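Side chains are part of it too, since the values below use all heavy atoms of this structure and drop only hydrogens, waters and symmetry mates. Just so it is clear, the model here is predicted, and its values are computed rather than measured. The chain is numbered in sequence order, starting from 1.
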Amino acid sequence: MKIAFTTLVLLCFHTLSIFASAGYNIKVKIEGYRERKLTLTYYFGNQQYIKDTVKMGADGAYTFSGTTALIPGIYSLVMMPDNIGIDIVISEKEQQFSILTKKASPFESLKFVGSKENELFQSYIHYVSENNPKLDTLRAQYKRSPEGPKKEKLKQDLLKADSTVQSYLQQFLSENRNTYTALVIKASLPIRYPNFTGTDQEKMYKTWYYARKHCFDNVPLQEFRLLRTPHYYQAITTYVNELLFQHPDSLKVGIDYVLNQLRPNPEAFEYYTIMFLRQYLQPKVMGMDAVFVHLVETYLETGQVKLTSVEQQNKLIQMAHKQKPLLIGKVAPNLTLKDRQGKTFNLHELESEYTLLVIWAYDCGHCKHSVPYWKKFNENFKSKGVKLVALCHVTENEIPACWKYVDENGLGSWLHVYDPKLAYIKTYNVESTPQVYLMDRNKVIIGKQIVDEKMEEVVNQIIELRKKSK
């Protein structure tokens, strides 16, 4: 079990006022546990954070107490030095209770005094712990078994066992529907799909669409009592990372939907806004920087979310401003360049079906690694209407060294250029080399920062897709 002993970064925390009217008192006795301290942690996002650490009292118990009630959620009692965690539920109504267990068998020996919620929680955990391995074994046997009577028998056994578990779950949730434990248990359950018909592709699409539509059925986004459970984060990240089309336009709409649902709770709104800002700050997928720019403009620049560091906030805003003109779909900034013969021309005046602009330097290690890929790409794609424009990232005094490298490495078939005024550095936000931009006939950016090894494949796909869309 991994415990995060850091505080939440960049967030201004807000306590829900509805839970502030009463305190809490949780007394824990662990037979055989001799450590002087016991820690209480809570789930938030994809980590656990420390709420309190207390010393053993004269009565041999560890007592967690406070004048302000705890926010409902799944908390964990963490025993040192092995970080063994015992999960418990804390509801808004039950915050005064005792826990008894043994270090040698912390889960099997667990007992509660004054907490019906935790008695329910443990009864559910025990049932699942006993029955899930049986289901897993049947699934594995069914998957390995060849077609025939034995496989059919395993299928019937699996359906029967699954039906038994589902009946238990439905009865549990129905009988305890007004409890916090039932809310938490329901949030942990996976989506149950109908039996879809059609081709494999049709069934796959129906499954995806159903999952997207019902992702938050068990974890309503505005049920903020689930914030301090791992299920809340899981539902949000599954929706964004797996159920939305991984395209900037779809992601922007989907993330906005999630964040707007979280607005009533400042803690959740700030945490998840900043989480998505971090996720798309340096995206690994081409074009996803558009999501980062959108988040900065919509939430950070408008002051809806404020970082604890004003300097860092301003840095992110400036970064977004620099990236915006260079997003896929934008007309590439024009440049006034000179070729090897000293002839001046504008980038936008260059006649070519496609332009691959490479900003590079002859003494750049990464560029040297990329040169063979660019060379091969140019040989294979110049017949497809792609012109490779290599902009040497040097001062005018260093240009002879650049041309020398070009000649020594047989790169003469490229269009080699330089900018004596170095205006491109600011215009194209060149903080490192190489920088790569693919443009169409109208100099609209249609690709950028394409990985060397994937360049031919990616550009070919782009060209083919554009042909089909005409």
Side-chain angles (χ1 to χ4, degrees), residues 1-2 43 46 74 76 82-87 89 104-110 119-177 181-219 226 229-246 284-285 457:
M1 176 182 173
K2 182 180 179 182
Y43 287 85
N46 64 337
I74 299 179
S76 190
D82 300 320
N83 284 349
I84 297 173
I86 304 171
D87 282 350
V89 292
S105 54
F107 309 107
E108 296 83 358
S109 307
L110 197 57
E119 289 176 2
L120 283 173
F121 188 57
Q122 292 305 317
S123 69
Y124 169 80
I125 289 176
H126 289 157
Y127 181 88
V128 169
S129 298
E130 182 179 341
N131 286 274
N132 273 0
K134 297 177 183 177
L135 280 171
D136 292 340
T137 299
L138 282 171
R139 289 191 187 101
Q141 290 175 344
Y142 176 77
K143 189 175 181 179
R144 292 195 304 266
S145 180
E147 294 295 334
K150 184 180 178 181
K151 190 177 186 72
E152 183 60 30
K153 174 67 166 53
L154 285 169
K155 179 181 179 181
Q156 295 306 316
D157 291 344
L158 180 56
L159 289 172
K160 183 178 179 181
D162 183 65
S163 177
T164 300
V165 171
Q166 291 306 312
S167 295
Y168 167 84
L169 287 174
Q170 294 309 313
Q171 184 177 353
F172 181 93
L173 294 176
S174 176
E175 292 177 352
N176 304 290
R177 57 183 172 274
T181 297
L183 179 70
V184 170
I185 298 304
K186 185 177 180 181
S188 71
L189 300 178
I191 296 171
R192 300 285 294 184
Y193 297 97
N195 290 321
F196 297 115
T197 58
T199 64
D200 288 345
Q201 187 173 0
E202 288 171 340
K203 287 190 284 188
M204 186 183 300
Y205 173 79
K206 290 176 181 177
T207 300
W208 166 81
Y209 183 78
Y210 187 90
R212 177 171 169 171
K213 185 177 181 181
H214 295 276
C215 182
F216 299 114
D217 283 1
N218 294 339
V219 191
L226 292 172
T229 71
H231 318 310
Y232 203 84
Y233 171 87
Q234 183 61 48
I236 289 176
T237 53
T238 296
Y239 177 75
V240 172
N241 298 335
E242 298 178 26
L243 300 178
L244 293 177
F245 285 117
Q246 296 303 293
K284 296 179 180 179
V285 178
E457 178 185 344

Review point. Do Asp157 and Lys160 have side-chain heavy atoms sitting under 4.5 Å apart?
Key: no
Check your understanding: Taking the six-membered ring of Tyr142 as reference, does the NZ or CZ atom of Lys155 fall below 6.0 Å from its centre and within a 45° cone about the axis?
Key -> no
Review point. Do Leu110 and Ile86 touch side chain to side chain, with heavy atoms closer than 4.5 Å?
Key: yes
Exercise for review: List the atom of Pro133, the atom of Ser129, and the distance in Å for their closest heavy-atom pair.
Suggested key: CD-O, 3.1 Å
Point to revise | Nearest atoms (heavy-atom pairs only) where Tyr127 meets Val165 | key: OH-CA, 3.8 Å
Check your understanding: If you measure from NZ on Lys151 to CD on Gln141, what distance do you get to the nearest 0.5 Å?
Key -> 11.0 Å
Review point. Would Leu138 and Leu154 count as a side chain to side chain contact (heavy atoms under 4.5 Å, CB included) if you check the C-alpha gap in whole Å, the side-chain angles of each, and the deciding distance to 0.1 Å?
Key: CA-CA 7 Å; Leu138 282 171; Leu154 285 169; 4.2 Å; yes
Review point. Is there a donor-acceptor pair under 3.5 Å between the side chain of Ser174 and the backbone N or O of Gln170?
Key: no
Review point. Do Thr197 and Lys206 have side chains that get closer than 4.5 Å, going by heavy atoms?
Key: yes
**Study point:** Contact check, side chains of Tyr168 and Asn131, non-hydrogen atoms, under 4.5 Å
**Key:** no
Exercise for review: Using a 4.5 Å cut-off on heavy atoms from C-beta on, say whether the side chain of Arg212 contacts that of Leu244.
Suggested key: yes
Point to revise | Heavy-atom closest pair, residues Leu226 and Asn218 | key: CD1-O, 4.4 Å
Check your understanding: Any side-chain heavy-atom pair from Asn46 and Pro230 closer than 4.5 angstrom?
Key -> no
Review point. Does the side chain of Leu169 come within less than 4.5 Å of Gln166's, by heavy atoms?
Key: yes
Check your understanding: Heavy-atom count around Gln171 CD within 6.0 Å, excluding the residue itself: above 12?
Key -> no
Practice item. Would you name the heavy atoms of Ala235 and Cys215 that are closest together and state the gap between them? Key: O-SG, 3.5 Å
Review point. Are the charged groups of Arg192 and Asp162 less than 4.0 angstrom apart, N to O?
Key: yes
Check your understanding: Does the pair Tyr124 and Leu120 meet the rule for a side chain to side chain contact (heavy atoms under 4.5 Å, CB included), with working shown?
Key -> CA-CA 6 Å; Tyr124 169 80; Leu120 283 173; over 6 Å; no
Revision key, fill the gap. Here the gap from Thr164 atom OG1 to Leu159 atom CG, rounded to the nearest 0.5 Å, amounts to 10.5 Å
Check your understanding: Salt bridge between Asp136 and Arg139, side-chain N to carboxylate O under 4.0 Å?
Key -> yes
Point to revise | Any side-chain heavy-atom pair of Tyr233 and Tyr43 under 4.5 Å | key: no
Exercise for review: Could you walk me through whether Phe245 and Trp208 pass the side chain to side chain contact (heavy atoms under 4.5 Å, CB included) test, one step at a time?
Suggested key: CA-CA 11 Å; Phe245 285 117; Trp208 166 81; 3.7 Å; yes
Point to revise | Thr199 side chain to Glu202 backbone, donor-acceptor under 3.5 Å | key: yes
Study note, to complete from the structure: Nearest heavy-atom contact between His231 and Ala187 is CB-O, 3.5 Å
Check your understanding: Between NZ of Lys186 and OG1 of Thr181, what distance do you get to the nearest 0.5 Å?
Key -> 14.5 Å
Check your understanding: Just how far is it from atom CG of Asp217 to atom CG of Leu189, taken to the nearest 0.5 Å?
Key -> 11.5 Å
**Study point:** More than 12 heavy atoms of other groups within 6.0 Å of Gln201 CD
**Key:** no
Exercise for review: Please check if the side chain of Ser109 supplies one atom and the backbone of Pro106 the other of a donor-acceptor pair under 3.5 Å.
Suggested key: no
Check your understanding: So how far is it from Met204 CE to Thr207 OG1, rounded to the nearest 0.5 Å?
Key -> 8.0 Å
**Study point:** From CA spacing to verdict: side chain to side chain contact (heavy atoms under 4.5 Å, CB included), Tyr205, Asp200
**Key:** CA-CA 9 Å; Tyr205 173 79; Asp200 288 345; over 6 Å; no
Revision key, fill the gap. d(Tyr210 OH, Leu243 CG) to nearest 0.5 Å is 13.0 Å
Practice item. Kindly give the heavy-atom pair with the smallest separation between Asp87 and Phe121, and that separation in Å. Key: O-CE2, 3.9 Å
